[in-house]
There are 2 protein chains.
Amino acid sequence: MDTRVPNIVVGRLPIYLRSLEHLAEQGHGIISSHQLAALLGTSAAQIRKDLSHFGEFGKQGTGYHIPYLIVQLKRILKADQEWEVALVGVGDIGHALLRNRDLPRRGFRIVAAFDSDRDKVGTRFGQVTVHELEQLAQVIQGQGIQLAIVAVPPAAAQTVTDALVAAGIRGVLNYSPIAVSVPDHVRLQQIDPVTHLQHMTYYG
Amino acid sequence: MDTRVPNIVVGRLPIYLRSLEHLAEQGHGIISSHQLAALLGTSAAQIRKDLSHFGEFGKQGTGYHIPYLIVQLKRILKADQEWEVALVGVGDIGHALLRNRDLPRRGFRIVAAFDSDRDKVGTRFGQVTVHELEQLAQVIQGQGIQLAIVAVPPAAAQTVTDALVAAGIRGVLNYSPIAVSVPDHVRLQQIDPVTHLQHMTYYG
DNA sequence: TAGATTGTTAATCGATTAACAATC
DNA sequence: TAGATTGTTAATCGATTAACAATC
């Protein structure tokens, strides 16, 4: 049980959690590190070592009680609470994210959306109304929103990210196919299908 | 210049490439490893070491000629050719991908789409007509398509992936929030916003 | 030339794996 | 109990960093 957990280990926990939740939905109750490793294409030793950073969650001779491990992983990842998310950019990707039921199901609720297009401002998606970009700081600070998804065209991504950071956002998930920079105290994750595809074509 | 390049290094090349292309668009001609590292939040030594696996692309005292390095990285990643991609699932995400101009701009053209919904079959998105799932193998084999994007509901993801593998697909980019498995000879990449968000909330 | 930066080597650091005592 | 599997230690493996000769 370390005090300082490697970032790469933290990044694997959500993958374990996702798989365990899927197993639970299918009615599985217990799983061994070897079974989970086979399912995920990783190694049993790695799973046990990763989990050992946080405590002892299994039982010798048996394995892991899936619902219990889910509870523990959710607690560790702070996924046992609901997170409010701001969305900037209501184009095709933003639209897909607003309609995505998996995000709220797993604890991430888009509670505010922003777009620079006046025609989109005022439109509603479920509970969410699209605001002007000018209201970004006010809404984010007013609601204490800590996470944001950037889904704007590349040319606007850094400006929008800077505005989010200035508004107090703690983590940014960037869908724009461009590297944005954030200060050290802000977390950044990037989603770009092309980089994933290029990683595969290398081996092609 | 190794024969065996670490996978983690391969995964960084597309990120370097994306940044260099952005720099080139902005009119930059030369960049040093230190400048690029600062831009990407990595280290100059890592960039130089990564590139050294493939050859010598820089000039002492000067740095890297951006257009030349772009050409080299594209060659290494096989991004100097156009790749045809099959899309399975024309929901919100599939729709966003079909309309995404960045994919073709960077060499990935969705040339076939499939959906199980009879109402969607036959509809067109630009050059692409939505086919029945039943035609998947025939179309993929007929056109020699090597890459596929899976954007179907979780319950269908593994079945669809199996069908793609059976049809001869070499790489799968999975947008379904579920771990799918593929045989060793098939490359797999996963995009799931929730896992990225959970990676950030851990530190929250 | 003087200054700067590469490519590479060696050292360091960190992550993964193997092995096994503990124990269910 | 016998068999199985965990959690952890130590060994191995691999990646990152630091340093510098080469050289533009």
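Chain letters run A, B, ... following the sequence lines, proteins first and then strands; every chain starts at 1. Please read these numbers as outputs of a predicted model, since none were measured by experiment.
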* Measure from the side-chain N and O atoms of A/Q35 to the backbone N and O of A/S32, and report whether any donor-acceptor pair falls under 3.5 Å. => yes
* Distance-only, no hydrogens or angles: does the A/Q143 side chain make a donor-acceptor pair with backbone N or O of A/Q138 under 3.5 Å? -> no
List, with names and distances, any nitrogen or oxygen atoms from the protein found under 3.5 Å away from nitrogen or oxygen atoms belonging to nucleotides 13-16 of chain D.
| residue | atom | partner | partner atom | Å |
| --- | --- | --- | --- | --- |
| D/dT16 | OP1 | B/R12 | NH1 | 2.9 |
| D/dT16 | OP1 | B/Q46 | NE2 | 3.4 |
| D/dT16 | OP2 | B/R12 | NH2 | 3.0 |
| D/dT16 | O5' | B/Q46 | NE2 | 3.2 |

* Asked: Looking at residues 31-39 of chain B, who's got a heavy atom less than 4.0 Å off DNA chain C?
  -> B/S32, B/S33
Length of the [atom1]-[atom2] vector between [X] and [N], whole Å:
| X | N | atom1 | atom2 | answer |
| --- | --- | --- | --- | --- |
| B/L51 | C/dT6 | CG | P | 10 Å |
| A/H53 | D/dT6 | NE2 | C1' | 16 Å |
| A/Q72 | D/dG7 | CD | C1' | 16 Å |
| B/F57 | C/dT5 | CZ | C1' | 17 Å |
| A/I30 | D/dA4 | CD1 | C1' | 13 Å |
| B/L69 | C/dT5 | CG | P | 16 Å |

* To do: State, with a plain yes or no, whether a side-chain heavy atom of A/M200 is found less than 4.5 Å away from one of B/L173.
  => yes
* Would you mind reporting whether B/L98 and B/L87 have side-chain heavy atoms less than 4.5 Å apart? => yes
ring-ring contact (aromatic ring centres under 6.0 Å, His included) involving [X] - partner list, sequence neighbours excluded:
| X | result |
| --- | --- |
| B/F125 | B/H95 |
| A/Y68 | none |
| A/H196 | none |

* Structure fact -> Read 5' to 3' with Watson-Crick or G-U pairs under 3.5 Å, [ ] for crossing pairs and | for partners on another strand, DNA chain D gives ..||||||||||||||||||||||
Pairs satisfying salt bridge (Lys or Arg N to Asp or Glu O under 4.0 Å), at least one member in [range], at least two apart:
| range | answer |
| --- | --- |
| residues 54-74 of chain A | A/E21-A/K74 |
| residues 186-204 of chain A | A/D192-B/R18, A/D192-B/R106 |
| residues 30-55 of chain B | B/R12-B/D50 |

* Is the closest basic N to carboxylate O distance between B/E25 and B/R105 below 4.0 Å? -> yes
* OP1, OP2 of C/dG7 versus side-chain N and O of B/Y64: anything below 4.0 Å? -> yes
* Asked: Quick one: is C/dG7 close enough that its OP1 or OP2 comes under 4.0 Å of any side-chain N or O from B/R48?
  -> no
I'd like a table of atom pairs between the protein and nucleotides 22-24 of chain D - only N or O on both sides, under 3.5 Å - with the distance next to each one.
| residue | atom | partner | partner atom | Å |
| --- | --- | --- | --- | --- |
| D/dT23 | O4' | B/Q60 | NE2 | 3.4 |
| D/dC24 | O4' | B/Q60 | O | 3.4 |
| D/dC24 | O2 | B/Q60 | O | 3.3 |

* To do: Among residues two or more places apart or on two chains, list those pairs meeting ring pair (Phe, Tyr, Trp, His ring centres under 6.0 Å) that have a residue in residues 126-181 of chain B.
  => B/F114-B/H131
* Structure fact -> Residues passing the salt bridge (Lys or Arg N to Asp or Glu O under 4.0 Å) test with B/R75, sequence neighbours excluded, are none
